[in-house]
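Working notes, beginning with the structure itself.
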Amino acid sequence: MSKTIEFNIFKGSSTGDIIPDTVRRTIQPFEVFVEISHAGLCSTDRLFKNKSVALGHEGAGTVRDVGSAVCNFKVGDKVGFGWGHKVCGDCDFCIGGCDQYCEHREQYSKENTEIGTFATHAVWDESMLIKLPAELEPEYAAPLMCGGATVWCALTCYDLKPGDRIGVQGIGGLGHMAIQFASKMGYEVVCLADCATKKDEAIGLGANEFHVVEENAPKGAVQPVKHLLWCVDEAPDFSKIMPMVCCDGTIHVLTASTQQPPLPITDLISNGIRVQGSAGAPRVAVRKMLRFVSLHRIRPIIMSWPMTRDGIQAAFQTLEQGKMRYRGVIVGQRHLMGKPAVERMA
């Protein structure tokens with residue numbers, strides 16, 4: 001018999017206020033009921049704060065119940081989940097290991113708009129849940145489910161090779177993880193940031209070089225990179241960043257922005273440069289990423305707030321003021337430890 005459950009969520013609104021709400025759902029045969037312990041606050045969430053949808057799309061928690069046909073999860077399992085709510089599993093993209101582009105995908109903010117990760121619980125399709133390694137703490141797993149997965153996919157799914165010279169522009173929620181991943185993978189990591197005070201931290205995270213940029217362009221001479229990961233919260237000025245990329249190189253645009261900057265076609269063609277987008281990561285890539293971070297003890301740098309209306313509002317404010325260092329984590333009331341807004345790094 002299907003079970004009907006009730007849980008609390010936090011929604012956006014036209015005014016930008018955080019609105020508590022209650023959801024009632026019947027667990028379907030292939031669905032899993034998850035108690036959310038931690039939820040990541042992603043820059044993309046700013047796009048939904050003014051919409052009447054459940055907020056949050058990076059989650060980690062514990063399975064509390066399963067549908068009648070679920071075979072891969074049991075009560076007590078630790079799981080993570082991200083942008084995707086459901087895929088068909090049968091189209092060319094799913095079979096080819098690119099299920100984030102599934103022709104029939106259901107995803108955050110478009111389907112199941114009453115389900116998010118800023119909530120006490122979530123009901124998720126079994127196929128889209130990822131089991132967490134036992135040694136990976138859930139507060140660090142949550143921000144990996146979208147932000148971490150996005151840079152991981154850029155570094156592993158587009159023919160980058162160890163030894164390649166990789167530029168990471170922006171030391172923020174994405175950039176600080178990209179530096180750690182790329183360093184452990186054996187890339188030559190070049191960090192580009194707008195503030196010289198970030199140099200020591202960038203080198204500590206694994207960067208081989210550090211350069212200051214001003215209005216997207218480096219202030220001094222920089223040897224071109226093979227791949228440039230754009231991890232800044234605004235759209236790039238391609239005319240300024242293209243000279244930093246060598247011939248036959250790639251610009252990986254990883255930001256969530258509604259801006260549409262012009263593209264200098266002549267420079268693009270004459271230098272054989274590619275512009276690559278990346279919508280998160282397929283499930284198989286996420287599994288590999290979680291094994292990799294566990295093996296190498298890689299952790300995002302996080303700041304935490306309680307899963308309350310005021311806590312979520314405060315986290316958004318920190319993000320919007322550019323003061324997040326570097327991923328916000330919203331902590332379920334049953335899992336709170338210490339004071340809110342505490343920076344933690346393993």
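The basis for the numbers below is simple: all heavy atoms, side chains too, and nothing from hydrogens, waters or symmetry mates.
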Under 3.5 Å, is there a donor-acceptor pair between the side chain of [X] and the main chain of [Y]?
X: Thr120; Y: Asn8; value: yes
X: Glu111; Y: Ser109; value: no
X: Ser270; Y: Thr266; value: yes
X: Asp237; Y: Ser239; value: yes
X: Glu126; Y: Cys71; value: yes
X: Arg165; Y: Pro224; value: yes
X: Glu58; Y: Gly147; value: yes
X: Arg283; Y: Ser127; value: yes
X: His176; Y: Ile301; value: yes
X: Gln333; Y: Pro306; value: no

Would you give the length of the straight line joining atom [atom1] of [X] to atom [atom2] of [Y], rounded to the nearest 0.5 angstrom?
X: Ile203; Y: Ile179; atom1: CD1; atom2: CD1; result: 8.5 Å
X: Ser52; Y: Glu114; atom1: OG; atom2: CD; result: 11.0 Å
X: Leu155; Y: Thr150; atom1: CG; atom2: OG1; result: 11.0 Å
X: Lys219; Y: His211; atom1: NZ; atom2: NE2; result: 13.5 Å
X: Phe238; Y: Asp267; atom1: CZ; atom2: CG; result: 12.5 Å
X: Cys146; Y: Arg327; atom1: SG; atom2: CZ; result: 6.5 Å

Is it true that [X] and [Y] fall in one hydrophobic cluster, defined by side-chain heavy atoms closer than 4.5 Å?
X: Tyr158; Y: Trp152; value: yes
X: Ile273; Y: Val225; value: yes
X: Ile115; Y: Leu47; value: yes
X: Phe30; Y: Phe33; value: no
X: Leu228; Y: Phe210; value: no

[X] side chain near [Y] side chain, heavy-atom distance below 4.5 Å:
X: Ile130; Y: Met145; value: yes
X: Met303; Y: Met324; value: yes
X: Val189; Y: Glu209; value: no
X: Cys42; Y: His57; value: yes
X: Phe118; Y: Asp45; value: yes
X: Trp305; Y: Val331; value: no
X: Val32; Y: Val70; value: yes
X: Val168; Y: Leu192; value: no

>> Using the rule given for side chain to side chain contact (heavy atoms under 4.5 Å, CB included), can you reason through Phe7 versus Val123, listing the C-alpha separation, both sets of side-chain angles and the distance that settles it, and then say yes or no?
In response: CA-CA 10 Å; Phe7 53 95; Val123 176; 4.0 Å; yes
Between [X] and [Y] (salt bridge meaning N to carboxylate O under 4.0 Å), is one present in this structure?
X: Lys240; Y: Glu215; answer: yes
X: Asp164; Y: Lys161; answer: no
X: Arg299; Y: Glu137; answer: yes
X: Glu188; Y: Lys226; answer: no
X: Glu31; Y: Arg25; answer: yes
X: Glu135; Y: Arg297; answer: no

Heavy-atom pair of closest approach, residues [X] and [Y]:
X: Ala149; Y: Ala281; value: O-CB, 3.5 Å
X: Asp99; Y: Cys94; value: CB-SG, 3.8 Å
X: Pro236; Y: Ile241; value: CB-CD1, 3.6 Å
X: Lys184; Y: Phe292; value: CB-CZ, 3.6 Å
X: Gly116; Y: Ile36; value: O-CD1, 3.7 Å
X: Leu174; Y: Leu254; value: CD1-O, 3.4 Å

> Mind checking whether Trp124 and His85 have ring centres under 6.0 Å apart?
Replying inline: yes
> Within a reach of under 6.0 Å around NZ of Lys198, are more than 12 heavy atoms found that belong to other residues, nucleotides or ligands?
Replying inline: yes
>> Determine whether Tyr187 and Phe181 satisfy the following criterion, ring-ring contact (aromatic ring centres under 6.0 Å, His included), listing intermediate values before the conclusion.
In response: CA-CA 9 Å; Tyr187 297 123; Phe181 287 157; over 10 Å; no
>> Once you measure the plane-to-plane angle for Tyr108 and Phe48, does it fall in the parallel (<30°), tilted (30-60°) or perpendicular (>60°) bin?
In response: perpendicular
> Parallel, tilted or perpendicular for His252 and His227, by the 30°/60° rule?
Replying inline: tilted
>> Before you tell me yes or no, could you show the steps for Tyr326 and Glu201 under side chain to side chain donor-acceptor pair (under 3.5 Å), namely the whole-Å CA-CA distance, both residues' side-chain angles and the distance that decides it to 0.1 Å?
In response: CA-CA 12 Å; Tyr326 284 111; Glu201 183 166 50; 2.5 Å; yes
> Which is it for Ser294 and Leu136 under the side chain to side chain contact (heavy atoms under 4.5 Å, CB included) test, yes or no, and what are the steps along the way?
Replying inline: CA-CA 6 Å; Ser294 299; Leu136 179 60; 4.0 Å; yes
If only side-chain N and O atoms count, and only distance matters, is there a donor-acceptor pair under 3.5 Å linking [Y] with [X]?
X: Thr318; Y: Lys323; answer: no
X: Asp233; Y: Ser43; answer: yes
X: Asp17; Y: Thr15; answer: yes
X: Gln276; Y: Arg274; answer: no

> Between Glu6 and Thr22, is a side chain to side chain contact (heavy atoms under 4.5 Å, CB included) present by the stated rule, with each step listed?
Replying inline: CA-CA 7 Å; Glu6 193 174 87; Thr22 301; 3.3 Å; yes
>> Go through it in stages, so that I can follow the logic: the residues are Thr62 and Val79, the test is side chain to side chain contact (heavy atoms under 4.5 Å, CB included), and I'd like the CA-CA distance, side-chain angles, deciding distance and then a yes or no.
In response: CA-CA 6 Å; Thr62 304; Val79 295; over 6 Å; no
> Can the positive tip of Lys131 be found less than 6.0 Å from the middle of the six-membered ring of Phe73, inside 45° of the ring normal?
Replying inline: yes
